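The block underneath contains the structure these notes are about, expressed in structure tokens.
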Amino acid sequence: MGRRFDCSDLDQRAEGLTEAAAAARRGELVVLPTDTVYGIGADAFTPAAVAKLLDAKGRGRDMPPPVLVGTVRAATALVEDLGPYGQDLIDAFWPGPLTLVCKANRALSWDLGDTKGTVAVRMPLHPVALDLLKETGPMAVSSANRSGAPAATTAENAEEQLGESVAVYLDGGKTTDQTPSTILDLTTAVPRLLRRGAIPVEKLRGIIGYVATDD
């Protein structure tokens, strides 16, 4: 069974972060709190670990996970470029609940699934997540639940759904906001909203002007 660490206790938090980083480096799965819901994460550059993540969720390669980063520099290394709007959006909303879909850096050797040459990247606003990501580097992270089930808002809920498939559970308490991140596609000439979420379209338009939606 995966070990669970109470991150409200400073000693457990430190031990948990060390254990979680080591588990990720071994290609194992980790559950971590984020600023939206709990996530299940794997080293983004270990294809077997990413495959294990998709299997734990009951997902196929047609639903590749986003990548979470602990720094803006880490994000820019993953993409070909941020286009004319990416940096302004990062300055305004990161760390926070905005996922940006960009063209992936073609020089990187990784396999997140059927991404069609793109990567969805985000820097979460949660101290435990950021501390872990700064230690591990980019992680493929999806919501910590079986596909089709409600997203986990507590470590216990994640453990009930994912069980022994996860090596380390970092317990950051109940998540305060269950609204998912807003997803914005920057791979086209006009930024396109792919999912409504915690950051309203109006705020995006306040930074970059026009945003295409399906409305």
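Computed from a predicted structure; not experimentally measured.
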Heavy-atom nearest pair, D81 first then C102, reads O-CB, 4.2 Å

How about V72 and M123: do any of their side-chain heavy atoms sit closer than 4.5 Å?
yes

Is P191 close to I208 at the side-chain level, that is, under 4.5 Å between some pair of heavy atoms?
yes

CG-CE distance between L133 and M139, expressed to the nearest 0.5 angstrom
6.5 Å

Can you tell me how far apart CD1 (I40) and CG (N145) are? Round to the nearest 0.5 Å.
9.0 Å

Do any side-chain atoms of residues 193-201 form donor-acceptor pairs under 3.5 angstrom with protein atoms, and if so which ones, sequence neighbours left out?
from : atom 1 : to   : atom 2 : distance (Å)
R195 : NE     : S181 : O      : 3.0
R195 : NH2    : S181 : O      : 2.9
R195 : NH2    : S181 : OG     : 3.0
R196 : NH2    : D215 : OD2    : 2.2

Filter on salt bridge (Lys or Arg N to Asp or Glu O under 4.0 Å), then keep only pairs touching residues 32-58, sequence neighbours left out; what's left?
D35-R122

d(C7 SG, D171 CG) to nearest 0.5 Å is 7.0 Å

Do L130 and L32 belong together in a cluster built from hydrophobic side chains that touch within less than 4.5 Å?
no

Distance check, rounded to the nearest 0.5 Å: L100 atom CG versus T182 atom OG1?
10.0 Å

Dump the intermediate steps for side-chain contact (heavy atoms from CB on, under 4.5 Å) on L82 and I90, then the final yes or no.
CA-CA 10 Å; L82 291 168; I90 286 172; 3.9 Å; yes

Taking the side chain as every heavy atom from C-beta outward, state whether P64 and T115 have any atom pair closer than 4.5 Å.
yes

Considering all heavy atoms, the nearest V141-G39 contact
CG1-CA, 3.8 Å

Check: V69 and L78 side chains under 4.5 Å, non-hydrogen atoms
yes

Does T34 reach the main-chain N or O of T36 with its side chain, forming a donor-acceptor pair under 3.5 Å?
yes

Scan residues 174-187 for pairs that pass salt bridge (Lys or Arg N to Asp or Glu O under 4.0 Å), counting only residues two or more places apart or in two chains.
none

side-chain hydrogen bond (donor to acceptor under 3.5 Å, both in side chains) involving Q178 - partner list, sequence neighbours excluded:
none

ILVMFWY cluster, V67 and V128 together (side-chain gap under 4.5 Å):
no

Min side-chain heavy-atom separation V101-L184 under 4.5 Å:
no

Distance-only criterion, 3.5 Å: show the donor-acceptor pairs between side-chain atoms of residues 21-31 and protein atoms not counting sequence neighbours.
from : atom 1 : to  : atom 2 : distance (Å)
R26  : NE     : E28 : OE1    : 3.3
R26  : NH2    : E28 : OE1    : 2.8

Could you report the tightest heavy-atom contact between A140 and L53, atom names first, then the distance?
O-CD1, 3.3 Å

Under the side chain to side chain contact (heavy atoms under 4.5 Å, CB included) test, residues paired with N105 that sit two or more places apart
E80, A107, L108

At their closest point, which heavy atom of V50 faces which heavy atom of A44, and how far apart are they?
CG2-O, 4.1 Å

Sequence neighbours excluded, every pair satisfying ring-ring contact (aromatic ring centres under 6.0 Å, His included) that has a member inside residues 141-174:
none

Tell me the salt bridge (Lys or Arg N to Asp or Glu O under 4.0 Å) pairs involving residues 146-161, sequence neighbours left out?
R4-E156, R4-E159

Kindly indicate whether the side chain of L98, heavy atoms from C-beta on, has any atom under 4.5 Å from the side chain of L204.
yes

Of the non-hydrogen atoms in S142 and P65, which two are nearest, and what is the gap between them?
CB-CB, 4.3 Å

Cluster question for you: counting only ILVMFWY and a side-chain heavy-atom cut-off of under 4.5 Å, with indirect links fine, are Y85 and V211 together?
yes

Cluster question for you: counting only ILVMFWY and a side-chain heavy-atom cut-off of under 4.5 Å, with indirect links fine, are V79 and W94 together?
yes

Rounded to the nearest 0.5 Å, the CD atom of Q12 sits from the CZ atom of R3 at a distance of 9.0 Å

Shortest non-hydrogen contact from A49 toward A42
O-CB, 3.6 Å

CZ/F93 to CG/L125 distance, rounded to the nearest 0.5 angstrom?
13.0 Å

Just grab all the ring-ring contact (aromatic ring centres under 6.0 Å, His included) pairs involving residues 31-52, residues at least two apart or on different chains.
F45-W110

Residues in salt bridge (charged side-chain N to carboxylate O under 4.0 Å, His left out) contact with D9, at least two apart in sequence or another chain
none

Any side-chain heavy atom of L89 within less than 4.5 Å of one from L186?
yes

For residues 123-136, which residue pairs pass the side chain to side chain donor-acceptor pair (under 3.5 Å) check, not counting sequence neighbours?
R13-D131

Do P66 and V121 touch side chain to side chain, with heavy atoms closer than 4.5 Å?
no

Cluster check L68, V166: I/L/V/M/F/W/Y, side chain < 4.5 angstrom
no

Just grab all the side chain to side chain donor-acceptor pair (under 3.5 Å) pairs involving residues 199-214, residues at least two apart or on different chains.
R192-D214

